Amino acid sequence: MTKASLPQGTRDFAPDVVRKRQYILATIKNVFELYGFQPLETPAMENLETLMGKYGEEGDKLIFKILNNGLDNPAKHNLAKEDFEKVLAGKNTKGITERALKYDLTIPFARYVAMNYGQLTFPFKRYQIQPVWRADRPQKGRYREFYQCDADIVGSNSLINEVEFVNLYHDVFTQLGIGNYELKINSRKILTALAECCGGSDKMMDITIAIDKLDKIGLEKVKEELQQRGLDNEQISSIENYLSISGSNDEKLHAAKNLFASSETGKKGISEIEFILTAINTEKPTVNITIDFTLARGLNYYTGIIFEAKAPAEVKIGSIGGGGRYDDLTGLFGVPNIPGVGISFGVDRIYDVMEELKLFPQTVSQSTKALLFNLGQPESQVAYQLLQRLRRNKIAAEIFHEPAKMDKQFKYAEKKNIPYVIIIGSREVMDKTCVVKNLQTGLQQTLAQTDLPDFPFI
RNA sequence: GUGACUGUAGCUCAGUUGGUUAGAGCAUCAGAUUGUGGUUCUGAGGGUCGGGGGUUCGAGACCCCUCAGUCACCCCA
C-alpha cells in the first residue's frame, strides 16, 4: 500500500473551491468573449527546443523536462549512457529528453501563430486559460502547477487595443466585485529613455530590475542596488529625480515632458500614455487608472505600454494582473513583424482577494436545491417520483440514499449547503402532500404533491 | 539553486530540566428522543509520536542521517 500524497507544489481543488474558481473563470471568459476574443488551447507539453532559451537562463532551469520513453531498450544502452553523461554536465540532449511541460501560455501561443499565420485573420485576438508548470521551489502563493489566464491581440500596432484592455480589466473586476482595484500604467519607452540619459541603453535591464523593486524594498535599497549594478552617483541621482515624480496623472505627464524633452523615445512613450488616458476619460470616466513611472514589470520582452492591476490596498495581496505591448512575438520562430499586446489575470490571487473580502455570492457554493428525505420504503418510492419531476423542471434535487433518522438527513443537507428539504412520511403519502422546509429561515409549509414541481426554489 | 523553521489521532494543537499504560478540542460513529436537525449530555473507535540509526537503566523530547512540508532569498504568476 502506498501512502496517499501529492507532488510538491501541486494541490487538489475541493468541490467548493472548484465552484468558486469556476465562477471567476466564467466571469473572465464571458468578458473576453464580449470583447471578441477567441478561445485557444495548446498541449500540456511542447518540444523542449520550443521552450529553451525563451525565458532567460533562470527560466530554462525551471522548465519541467519529460524523460524519454524506451531508454531501457538494450540496443540503445550505450547511446543512452553517453547522453546521460551530457545531462550530468548540465546539457540537454534529445536522447534523454525532448519534450517539456509548458512554462507559460505566451510562447506556445507564439509557436501557434508562427505555425498558422497564413490561415489566421489579423489582428488575431485569442484568450487562453490553462495550467502551466514550473520547477520552482514553492512558497506562499506560488505553485509548481498553476493556471494562467491570458488574452492577447497580435498583428496590430493600434493603441485602441491597449484601450480595450483597460476597459476589459475594468469590466472583469467590477463584475467580480473588486471595484476598488487599482490599474497602473507606464511605458517601456519611457524607461528606455531613462536608461539612455543615465547609464546607457545597455543598462536598461539593470535599471528596470532595480526600480521594479521600489515598493518592496524602498528607495535606499534601490539606490544601493543601482550602485551594485554599476551606475555612478550622478546617474543614480537623475534616476531618483525620475522616481520622485508625483501628483495627479496630468502633473506626472507634465513633469515627464520636461525631463525627457530631448528624447524622441521618451516623448513617444508619453504621448502614448496620453492617448490612452484621453480615450478612457472620454469613454468611461469611472475607470480608475494611474500613471506609475516606477512600474517596470519583470518580463523583458515588453517594449511599449505596460500595465499592472493591483488588489485593493487593504488586502495586501498586490498584483492581480498585468501585461503590456511587445514587438515581434514570433520572430524567434522565423515569422517577423507580428507585434502584439496582451494581459493576464492572476486567478489564484483574485481568488484570495475575493475570499478575504467575502465577494463570492452565496449561491456559488450551492448546486442541489432540494433534498428529499428518505423515511422508509413506501415513502421513498413516492419521494423518488417527485424527485424526477423536480429534475424535469430543471430543479437540482437529490434523495437521501437510505432510510435514516431525520437528524442525519438534516445534517447532510446542511453540510452540502442544500437550501430546502422535502419531507414525505407516511402521513404525507396518505394525504398526497409534502412538507417543504427552508433551512435558512426555518419556515416550512405543506403543499400538495402535484404543486411541488412549481414551488419557487431559490 | 541558497538559507531558516516545522513534522505527535482525519483536522488544529498540548506534552514541563529525558521518567509509568501519549492527552485535549473539533470531526466521525453509536445512544439519550417512535416525524423536525444545527443546543446539550453519555459513550466508542482512531496514534509503530514522518522514517532509519545513535546516546541512555529509560527517548515523543537529546545527537546524526534521511524524507516530507512551510516560509524567505533568487526569480516570478
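Order of the sequence lines fixes the chain letters, A, B, ..., with proteins taken first and strands second; residue numbering starts at 1 for each chain. Here the structure is a predicted model, which is why all the values come from computation and not from measurement.
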*Summarise protein proximity over nucleotides 33-46 of chain B in one line of letters, 5' to 3': B for base, S for sugar-phosphate only, - for none, counting protein heavy atoms closer than 4.0 Å.*
--BBBB--------

*A/Q148 side chain N/O closer than 4.0 Å to the phosphate oxygens (OP1, OP2) of B/A77?*
no

*Can the ring centroids of A/Y147 and A/F345 be said to lie less than 6.0 angstrom from one another?*
no

*Looking for any heavy atom pair under 4.0 Å, which part of the strands does A/G56 touch: base, sugar-phosphate only, or nothing?*
nothing

*Under 30°, 30 to 60°, or over 60°: which ring-plane class applies to A/Y412 and A/F400, parallel, tilted or perpendicular?*
perpendicular

*asked:* Using every non-hydrogen atom in the two residues, find where A/I423 and A/E428 come nearest and quote the distance to one decimal.
replied: O-CG, 3.9 Å

Please list every donor-acceptor pair under 3.5 Å in which a side-chain atom of residues 130-141 of chain A meets a protein atom from a residue at least two apart or in another chain.
from: A/Q130; atom 1: OE1; to: A/T42; atom 2: N; distance (Å): 2.9
from: A/Q130; atom 1: OE1; to: A/K102; atom 2: NZ; distance (Å): 3.2
from: A/Q130; atom 1: OE1; to: A/Q128; atom 2: NE2; distance (Å): 2.9
from: A/Q130; atom 1: NE2; to: A/T42; atom 2: O; distance (Å): 3.0
from: A/W133; atom 1: NE1; to: A/E145; atom 2: OE2; distance (Å): 2.9
from: A/R134; atom 1: NE; to: A/Y103; atom 2: O; distance (Å): 3.1
from: A/R134; atom 1: NH2; to: A/Y103; atom 2: O; distance (Å): 3.2
from: A/D136; atom 1: OD2; to: A/R142; atom 2: NH2; distance (Å): 2.5

*Find the runs of at least 3 consecutive base pairs, i with j, i+1 with j-1 and so on, that include RNA chain B, using Watson-Crick or G-U wobble geometry with both distances under 3.5 Å.*
B:1-7 with B:67-73, B:10-13 with B:23-26, B:28-32 with B:40-44, B:50-54 with B:62-66

*Report the nucleotide, chosen from B/C73, B/G31, B/C76, that has the shortest atom-to-atom distance to any side-chain atom of A/R134.*
B/C76

List, with names and distances, any nitrogen or oxygen atoms from the protein found under 3.5 Å away from nitrogen or oxygen atoms belonging to nucleotides 2-11 of chain B.
from: B/U2; atom 1: O4; to: A/R137; atom 2: NH1; distance (Å): 3.2

*Of all the nucleotides listed (B/A30, B/A77, B/A27), which has the minimum atom distance to the side chain of A/K415?*
B/A27

*Would you jot down, in residue-number order, the residues of residues 96-109 of chain A having a non-hydrogen atom under 4.0 Å from RNA chain B?*
none

_Integer angstrom distance from the C1' of B/U21 to that of B/C26_ = 25 Å

*Take atom P in B/C13 and the same atom in B/U56, then report the distance between them in whole Å.*
36 Å

*Determine the Euclidean distance between corresponding P atoms of B/G31 and B/G23; express it in Å to zero decimal places.*
28 Å

*Sequence neighbours left out, what passes ring pair (Phe, Tyr, Trp, His ring centres under 6.0 Å) with A/Y420? Give chain and number order.*
A/F455, A/F457

*Atom C1', compared across B/G54 and B/A59: separation rounded to whole Å*: 11 Å

*Considering only atom P, compute the distance from B/U16 to B/C63 and round it to an integer number of Å.*
15 Å

